[in-house]
Amino acid sequence: MAEKGNNQVNALRRADRLSTVVLFFSAVLLIGLAARVMWIQTHVTRADAGSLHSQHDVRVTLMARRASIYTSDSTLIAGSVRVYNMFADPGYIFDPKGVLNALSGEQLVASRKIMARAMARVLDENSADFLPWLKSRLYYTNGKLRRFVWLKRGANYAFYHHFETVKRSLIAQSRIALRDHHPVLAQEYFHALDGIGFILSTRRVYPLGDFAGQVIGFANSETGLNGLEEQLNSLLVGRNGQAVYVKDAAARALWIKKKGYRLPSDGMRVWLTLDTTIQQIAQHELDKAGKQFKPRSAVAIVMNPWNGDILAMANYPELNPNDYEKTPSNFWRNRAVTDPYEPGSVFKPYNLSWALKNHVVTLNTVFDTYNGRYRDPTGRLIEDVGGWPHLTVENILVYSSNIGMTQIGWKMGIPMEYQAIHSFGFGQMTGCILPGESPGMVRPESQWTKGMETSVSFGYGIAVTPLQLARGLCAIANGGWLPTPQIVKAVEVSPGKLETWSQIAGPQPWKKIVPRHTEKLVRRAMEQVMVRGTGQYAISPLYRLFGKTGTANLAIAGQDGYHAHQYNATFIAGGPRPNPRLICVVCVHEPDPHLGHFGGTVAGPACSKILTRSLQYLQVPPDQGPKTDPWWGKESLLKRLKGLSH
């Protein structure tokens, strides 16, 4: 018994000594680890720490949504949708050094075959072609392992959902294999699509297609490229956010770090002054004129003369921002502001307004128009299409007499004629924010010659844009105030808070240039242009409109002369005459002369229809009737007229 007791005591002593030894070495090990940690904390450089973090931390850009653009009636015309961009990691999928993939050897080869079959279903391709194609992109040309290859960009949610469905089916098969005691096969199914991923982005879409295409422009997923998309880019683009997550070897997210997380800030939504219905009316009528007369290009503008709002701005040919690559790049620009041209006789109301204001003439002043042939004081021959012996100033405008306007211009003199051009805003920027605007071309007064005095009186020797014509016409319509054209109505400066453009950019200047009674006289004469003059083709059956025709020969590039059979046809109009609500300008550049070239027959009908339909849409009561319309009930006779000059 004593021997047995001694053995137990010895066993306990050995166990105690062994425990002491284990505890000692454990303590030494812990102290060593603690010392190592302390050494790392005090000796590892920032570069080493950054390298460690880069192996496990992934910084992801949280894209801000590009803000939408709306019409004045809140119809969406430009917006952003989420798209899915699929990529592959060839380095991880093939893992030539066996250090990246969760699988290896035959298991990795089998998993790749499963992936190839699955991707064939997703991409609708031959499964035998996928792996060879991907393997051919395993290395860069410098021999570095490639870790990123695009498989499909700009895919919609249906594509992404299809991929997720295929992926879930592989996971389901993995569970079945695991249930049937096949763990190796289960891993092959589970990891088959580990090297495939998606990056979310946005794509710009334009739900109304070619609606004001040249005005809106277009954008990619990052920035505006043309039109207002480019001009307002700083408002629309927003600010991207950021997230940092920790990844495993398969690049799968484990958790998101709180540090470094920043929410994205979306762009500011913008409302334009464009009216959806009036813009569509303008595009429809301009397209009809384009198809009928086959011009090189055409423009239509509708404005509210009382506040300067641009309600419609149409270009022909049209541009669909969704497929802008299909349209030749020379039709991307907004010709309403970028392309100045010699306006011709449509310029006469502006000169006449200034002559009336300064009491140079009255509407009843009579001029000798020499039966259609006249030489100005420099000896230059001026001809009229109609051979009238004498005309009053009103009839000079009604019948668009170049001889009469030449004499009015000479009575005004160069300083007054130059002052008229400058006062109506020609030769200078309009103040509108539309990109690419041209100030037009007006020579400094010091460079004017006596020949210019004649040319400018009927719209030659200067170049103006359609928007400048519309702006000047607003002053004739609203009683003499020259507005600043507006295209932006409001901006959402913060969620739920809208500010008008004048609040953001400051008050828009208006300038009084002509007395109200003067413009009433000009509108009265311009109404007669529609009733019995060169604008009879454009008379409205519903409204008393005032207008003016313009037909200008194109200058020969690089030469001192004009083409005999190339023209710009223009028509300006507003209405109703007693209390104008809208003005419209239609410019048709280089129509086929065999189909028509006069402003009254080419541009006039489109302008009149745009105004008539727009006024109906605005529920303006008709004021035209048998007593005011000389063509009431004689539409068939009007259609048989062969043409109206100027």
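Any value given below was found using the heavy atoms of this structure, including those in side chains, with hydrogens, waters and symmetry copies removed. In this chain, residues are counted from 1 in sequence order. Keep in mind that this is a model prediction, so the values were computed, not measured.
Pairing each heavy atom of Cys474 with each of Pro483, the nearest pair is CB-CG, 3.7 Å. Residues Glu229 and Tyr206 approach most closely at OE2-OH, 2.7 Å, considering heavy atoms. Between Val620 and Pro576, the closest heavy-atom pair is CG1-CG, 3.9 Å. Residue Ala525 comes nearest to Glu394 through the heavy atom pair CB-CG, 3.9 Å, listed as atom of the first residue, atom of the second, then distance. For Ala470 against Met303, the heavy-atom pair with the smallest separation is CB-SD, 3.7 Å.
Taking 4.0 Å as the cut-off between side-chain N and carboxylate O, Glu527 and Arg524 do not count as a salt-bridged pair.
Using modelled atom types and a 3.5 Å distance limit, the side chains of Ser457 and Asn351 yield no donor-acceptor pair. Checked by atom type, the side-chain pair Ser72/Trp271 shows no donor-acceptor distance below 3.5 Å. Using a 3.5 Å distance cut-off with no hydrogens or angles, the side chains of Gln280 and Tyr617 do not pair a donor with an acceptor. Side-chain polar atoms of Ser400 and Thr534 form no donor-acceptor pair below 3.5 angstrom.
No side-chain heavy atom of Val346 sits under 4.5 Å from any side-chain heavy atom of Val585. Counting heavy atoms from C-beta outward, Leu473 and Pro305 have side chains that stay 4.5 Å or more apart. Considering only heavy atoms from C-beta on, Gln486 stays 4.5 Å or farther from Asn307 through its side chain.
Other residues, nucleotides and ligands place no more than 12 heavy atoms under 6.0 Å from the NZ atom of Lys450.
Test Tyr460, Phe426, Phe458, Phe424 against Phe347 for side chain to side chain contact (heavy atoms under 4.5 Å, CB included) and you get one pass: Phe426. Considering Val302, Val488, Thr273 as possible partners of Ile310, the one that fulfils the side chain to side chain contact (heavy atoms under 4.5 Å, CB included) test is Thr273.
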Q | Audit row: Arg333, Asp339, salt bridge (Lys or Arg N to Asp or Glu O under 4.0 Å) steps and yes/no | A | CA-CA 9 Å; Arg333 67 181 183 271; Asp339 290 18; 2.9 Å; yes
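Ring-plane geometry between Tyr399 and Trp388 is classed as parallel, the angle between the planes falling under 30 degrees on a 0 to 90 degree scale with a further cut at 60.
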